[in-house]
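Notes for the one structure printed next.
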Amino acid sequence: MTRAGRVVLLVLGLGGLLALLAIAAADLPAFGSVHSAYAAFARHAAYADRHAANSVAAVVFDVRGLDTMIEEFILFAAATATALLLRSTREEDAERAEDHGEGDALKLFGIGGVGAVVVLGLYVVAHGYVSPGGGFQGGVVLATAAALVFLAGTYRAFRRVTPQSLLEGAESLGVLAWPALGVGTLASGSAFLANVLPPGSIGSLASAGTIPLLNAATGLAVASAFTLIGVEFLEELFAERARGEEGRS
Amino acid sequence: MSVYPYVIGIVVFGLGLGGIAVSRHLVHAIVCLNVAQTGTYVLLLAVGWRRHGTAPILGGVPKGSHQVDPVVQALTLTDIVVGITVSGLLLALAIQVHRRRGTMDPDELRALRG
Amino acid sequence: MTAVQIMALSLVALSALLVVLTRDLVKLTIANSIYGLVLVVLFLVFGAPDVALSELVVGAVAMPLAIVVAIVKERGE
Amino acid sequence: MHALVPLPVAVPLAVAAVLGAVGRFLPRQVVDAAAILAAAAVTGVSATLVVGTADRPLHVFFGGWRPHGGLVPGIAFDVDPLSAALATLAGALTVAALVFAWHYFEEALPLFHILVLLFLAGMVGFALSDDLFNLFVFFQLMGIPAFALTGYRVDEPGPLQGALAFGILNTIAGSLLVLAISLVYGRTGALNLVDAGAALAGRPPDLLVTAAFGLVVSAFLVKAGVVPFHFWLADAYSAAPAPVCVLLSGVMSDLGIHAIARVHSSAFAGTFAHREAEVRAILVALGVAGALITAVMSFLQADLKRMLAFLTASHAGIFLAAVALFSPAALAGEVVWVVGDGLAKGSLFLCVGFLLHELQDGDELRLHGRGRRLPVAAAIFVVGAAAVSLLPPFGPFLGFALVGDAAGALGLGWVPALLALAAAVSGAAVLRAAGRVFLGLGDRDDPLLSQQPQHAEREEPEDDVRRPRVALAAAGALLALALGLALVPGLPRHAVAAAAQAQDRHALVEAVLHGVPEPPASAPPQHVGVAAYAEGLATTAAALLLALVGLYRRRLPRLVRVVAGRVAGPPLAALRAAHSGVLGDYVAWLAFGSGLVLGLFAALVR
């Protein structure tokens with residue numbers, strides 16, 4: 001089909017689709033006036049039943065826990081596939097470029113920054129069910145700390161900090177925690193992924209029953225998955241620059 | 001005016017979808033795919049907002065005040081994670097396509113036809 | 001609907017259009033990061049700090065890294 | 001029995017995670033055995049659930065969040081014999097694919113096994129879930145490992161492009177689903193299908209409801225590969241490794257159609273009650289048109305995998321039209337047809353995988369007569385093709401008979417006839433290929449058939465003598481199951497009873513929202529009449545005849561050939577040109593298709 005034909009098809013289809021969606025959205029209750037019983041129930045479940053100050057975390061890790069478990073396995077599938085897709089076509093023996101010798105200022109800021117970013121990441125993960133944040137957001141911040149080591153430090157230091165098999169192991173364990181806990185609660189007689197631990201006192205870290213466990217597992221899985229993807233993407237840079245690109249088919 | 005957020009969400013989705021169809025570079029197409037997905041986040045969150053509503057987090061917020069819908073935010077969180085992981089995998093595929101075919105232009109990638 | 005929300009929404013639509021219309025890849029990365037940050041503002045204005053934080057780490061860190069590597073790979077020749 | 005329901009999803013996920021952690025240190029046989037055992041466990045548990053839910057479906061609520069005052073906060077699974085049967089089919093095909101792929105992949109981390117197990121968990125969850133957003137999450141868990149597996153052979157151009165098209169198109173479909181969820185949640189404040197259905201049933205459908213249903217249908221038609229959303233499917237299924245194709249074609253596509261049936265009967269049947277005829281007309285038209293178009297495309301292919309890919313798309317159209325009749329017999333017939341068809345397609349793809357391994361080529365013309373010394377493969381391939389062409393008494397035929405009864409009762413006798421025609425045309429392509437490859441019939445080249453570039457399609461890096469017997473054993477076992485399915489006593493009756501129960505909205509609302517167990521399922525005994533047998537045999541005969549025409553086209557009288565060339569030439573050329581292989585075109589077709597679907601629903605259903 002010519003590009004012109006495609007644009008005609010696109011304008012017709014997309015135009016119709018967007019117009020109908022806009023009219024449909026006009027039938028929605030006015031912006032700001034939607035009062036769903038589900039939302040009230042979720043807030044009550046978070047604050048009263050689970051003593052979790054962050055109701056979004058309560059929904060993510062408890063009320064709709066299965067969604068988050070499947071989301072972690074989607075992350076696991078994509079991270080594993082991305083890592084091996086990039087790694088399989090790189091010649092393992094390609095020697096890596098030596099240090100890229102950044103300026104002292106960047107090195108100083110970087111090394112100093114890494115510690116702070118790691119603490120920030122751990123804080124965001126740990127307080128996921130008390131204040132905004134959580135396993136996913138904190139996990140990506142921790143992965144950023146690893147990337148910062150690369151930016152500021154030497155490439156060799158970066159590779160020492162991020163051994164791939166260790167990352168894959170950590171990611172798998174972090175993800176395995178979900179079905180393990182689920183089958184555990186199932187075996188103990190209650191429902192799959194039921195929050196069986198005492199809710200503790202709201203606002204403190206010792207609250208919300210099993211939510212902290214799942215939150216920590218998610219943080220571990222996300223941190224190692226994103227670091228793994230980061231390593232593979234940065235490795236692409238170095239394998240490429242160290243040797244000329246082999247002839248393309 | 002009360003339909004403006006919904007329309008913006010739909011328009012951003014349409015922009016992303018249109019961008020993919022006419023894209024001349026795989027990285028641009030994948031970024032447009034991400035834009036289309038963010039359009040759905042805007043609509044999803046807009047449906048959950050409540051007038052004078054504050055974040056659905058206890059502590060530091062006056063007890064009686066209205067809070068917005070946490071369920072919709074949980075759904076959007078899951079979406080964002082799925083979105084970035086798919087984008088990562090597609091970008092890795094795009095790098096492989098470039099290594100194999102020397103081009104990143106979807107119009108030139110015609111291995112299978114007919 | 002507050003004035004800030006209207007501004008944030010309009011900014012999101014504009015920067016989305018900017019991203020889609022940008023063909024040059026380096027400018028695309030910058031436009032996409034700006035779009036990510038504008039989205040963070042919108043999500044905050046919608047009372048969704050968790051979502052804003054995750055869009056921040058995704059839009060400002062993960063996505064640009066992947067795009068930059070893809071661009072460098074292509075420009076490597 | 002309730003405790004069994006989460007296991008078919010949790011077990012493959014847990015085994016995949018364990019393989020991710022320690023897989024690289026385990027010997028290859030242990031990894032293969034672990035994966036096959038996990039898939040077999042899923043098959044066993046799902047089969048138990050099929051029997052266990054014969055009386056009434058199981059409603060399981062995750063996290064212990066039971067319905068509360070008419071609201072369903074937790075995520076629910078609705079396990080009835082039909083959805084459990086599809087989960088069993090997914091498990092069985094995964095076992096067959098893993099057995100075929102024994103020693104297939106030699107990398108450090110057993111990525112293939114991890115992705116296949118995640119793919120299985122996604123399919124089982126997608127078949128059983130009763131929550132709209134949970135369907136989206138399982139839709140993605142099914143999609144991402146699948147398109148990573150499609151692009152597994154990174155050293156060839158086809159798989160890379162197939163994987164890209166698969167990934168981008170399915171992600172857009174996911175976004176359509178999220179738009180639908182926003183609309184439904186905004187209107188009803190519910191994510192559970194039955195909960196939303198109860199809320200929607202109160203009022204006649206307005207533009208929001210028709211748009212939401214249109215979005216859901218469009219998203220699932222992309223997954224099922226029905227025209228005009230099928231372009232990615234042809235590229236992806238013809239580029240994926242054979243064991244992956246078994247899963248993609250055997251069950252993944254058809255799950256999209258079953259999801260449409262479930263979403264309609266649980267959530268939208270109430271509000272569409274007075275508009276059922278219009279909704280039926282739209283979906284039947286889409287299904288029949290799609291089935292015929294892709295059946296013709298299947299006939300025009302020389303590459304065996306691409307031929308079976310179009311056959312899968314054609315059958316997805318058939319199943320859409322069957323489901324859209326919205327009667328218990330039609331739904332029951334569709335599921336029986338899907339299970340039988342999935343087993344037969346699985347065995348056909350395993351045979352093609354076997355041919356790729358033995359003869360290093362997957363093109364019908366280049367394989368002309370080279371299959372003569374492979375009698376077992378020939379037998380399985382021909383019987384599989386006949387089963388797909390509705391040869392009694394295989395599973396597909398039984399499903400077709402039930403759908404025929406349902407259509408007859410609605411006065412739509414022409415629908416099963418067109419579905420049989422589509423099955424005949426696509427079956428004829430496979431029979432023609434069988435004749436040319438195994439018996440050396442017909443000409444060595446045929447300009448009508450489009451061939452794909454001959455890339456080094458070697459499916460297996462090193463020779464493994466034990467492999468061929470394993471592949472054929474798996475293919476034969478699947479075919480035996482397709483036959484055995486039809487010999488199960490009282491199967492049609494149980495299927496129709498289960499379908500009637502799934503479509504009984506009032507009992508469903510009582511059961512899910514208020515915990516009142518449904519009355520036990522019951523249905524009159526189903527009798528497959530002589531007329532049905534005649535129609536099945538006629539379809540197979542038509543397929544055989546068309547195959548012969550395909551083989552000996554040049555020997556037809558000149559006048560017939562000239563007229564046929566002038567009449568059929570231009571449309572076939574246009575049809576072939578539309579399958580351009582360009583990503584931008586596919587996205588434009590998706591936008592056009594979804595605009596069309598939403599437009600039709602908005603216009604008619606109001």
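Letters A, B, ... are given to chains in the order of the sequence lines, protein chains preceding strands, and every chain is numbered from 1.
- Atom NE2 of H68(D) sits about 7.0 Å away from atom NE2 of H44(A), to the nearest 0.5 Å.
- Taking the six-membered ring for Trp and thresholds of 30 and 60 degrees, F192(A) and F62(D) have ring planes more than 60 degrees apart, a perpendicular arrangement.
- Contact annotation for V209(D): neither backbone nor side-chain heavy atoms come within less than 4.5 Å of a heavy atom of chain A.
- Between the CZ atom in F41(A) and the CG atom in L71(D) there is a gap of 6.5 Å [rounded to 0.5 Å].
- Between the side chain of Y38(A) and the backbone N or O of P73(D), at least one donor-acceptor pair lies under 3.5 Å.
- Between chain A and the residues G214(D), G143(D), A3(D), A17(D), the largest count of heavy-atom pairs under 4.5 Å involves A17(D).
- Scanning all heavy atoms of the two residues, the minimum distance from G20(D) to S172(A) falls at C-OG, 3.0 Å.
- Scanning both residues, L118(D) and A77(A), for their nearest heavy atoms gives CD1-CB, 3.4 Å.
- Contacts between H2(D) and chain A at a heavy-atom distance below 4.5 Å are absent for every atom of the residue.
- Per-residue heavy-atom pair counts under 4.5 Å with chain D were compared for T82(A), L176(A), V8(A), T210(A), and the maximum is reached by L176(A).
- Ranked by heavy-atom pairs under 4.5 Å with chain D, the list L10(A), L12(A), L14(A), V63(A) is led by V63(A).
- With a 4.5 Å cut-off on non-hydrogen atoms, L66(A) touches chain D through its backbone and its side chain both.
- Only the side chain of V183(A) comes within contact range of chain D, with at least one heavy atom under 4.5 Å from a heavy atom of that chain.
- Contact annotation for D131(D): only side-chain heavy atoms (C-beta onward) come within less than 4.5 Å of a heavy atom of chain A.
- Counting heavy atoms from C-beta on, the side chains of L17(A) and F592(D) never come closer than 4.5 Å.
- Not a single donor-acceptor pair under 3.5 Å links the side chain of S36(A) to the backbone N or O of G189(D).
- With a threshold of 4.5 angstrom between heavy atoms, L149(D) does not approach chain A through any atom at all.
- Most heavy-atom pairs under 4.5 Å with chain A: of the set L191(D), L7(D), V5(D), this distinction falls to L191(D).
- Here the side chain of R3(A) pairs no donor or acceptor atom with the backbone of G584(D) at under 3.5 angstrom.
- The most heavy-atom pairs under 4.5 Å with chain A, out of G64(D), P6(D), A211(D), A10(D), come from P6(D).
- For F136(D), no part lies near chain A; criterion is any non-hydrogen pair under 4.5 Å.
- When the candidates V175(A), V11(A), L21(A) are compared by the number of heavy-atom contacts under 4.5 Å with chain D, L21(A) comes out ahead.
- Interface check for chain A: of the options G186(D), A148(D), G74(D), A212(D), the most heavy-atom pairs under 4.5 Å are formed by G186(D).
- Heavy atoms closer than 4.5 Å to chain A are found in both the backbone and the side chain of L183(D).
- Your options are N195(A), D62(A), L18(A), and the one with the most heavy-atom pairs under 4.5 Å with chain D is D62(A).
- Looking at L141(D), both its backbone and its side chain come within 4.5 Å of chain A, counting heavy atoms on both sides.
- For the atom pair CZ (F139(D)) and CD1 (I74(A)), the distance works out to 11.0 Å, reported to the nearest 0.5 Å.
- T80(A) is not listed as a side-chain neighbour of L115(D), based on a closest heavy-atom distance of 4.5 Å or more.
- Rounded to the nearest 0.5 angstrom, I75(D) CD1 and M69(A) CE are separated by 10.0 Å.
- Put simply, CG on D27(A) and CG on D206(D) are 4.5 Å apart, with the number rounded to the nearest 0.5 Å.
- Within the 4.5 Å cutoff, the side chain of Q140(D) has no heavy atoms near those of the I70(A) side chain.
- Of the listed residues (I23(A), D67(A), L20(A)), the greatest number of heavy-atom pairs within a distance under 4.5 Å of chain D belongs to D67(A).
- Looking at S165(A), the atoms closer than 4.5 Å to chain D (heavy atoms on both sides) sit in the backbone and in the side chain alike.
- Note: D585(D) leads D585(D), I144(D), V137(D) in heavy-atom pairs under 4.5 Å with chain A.
- Looking at L215(D), the atoms closer than 4.5 Å to chain A (heavy atoms on both sides) all sit in the side chain, from C-beta outward.
- Residue L598(D) touches chain A through both its backbone and its side chain, counting heavy-atom pairs closer than 4.5 Å.
- When each of P179(A), A180(A), G16(A) is checked for heavy-atom pairs under 4.5 Å with chain D, P179(A) comes out on top.
- The CZ atom of R6(A) sits 12.5 Å away from the CH2 atom of W589(D) when rounded to the nearest 0.5 Å.
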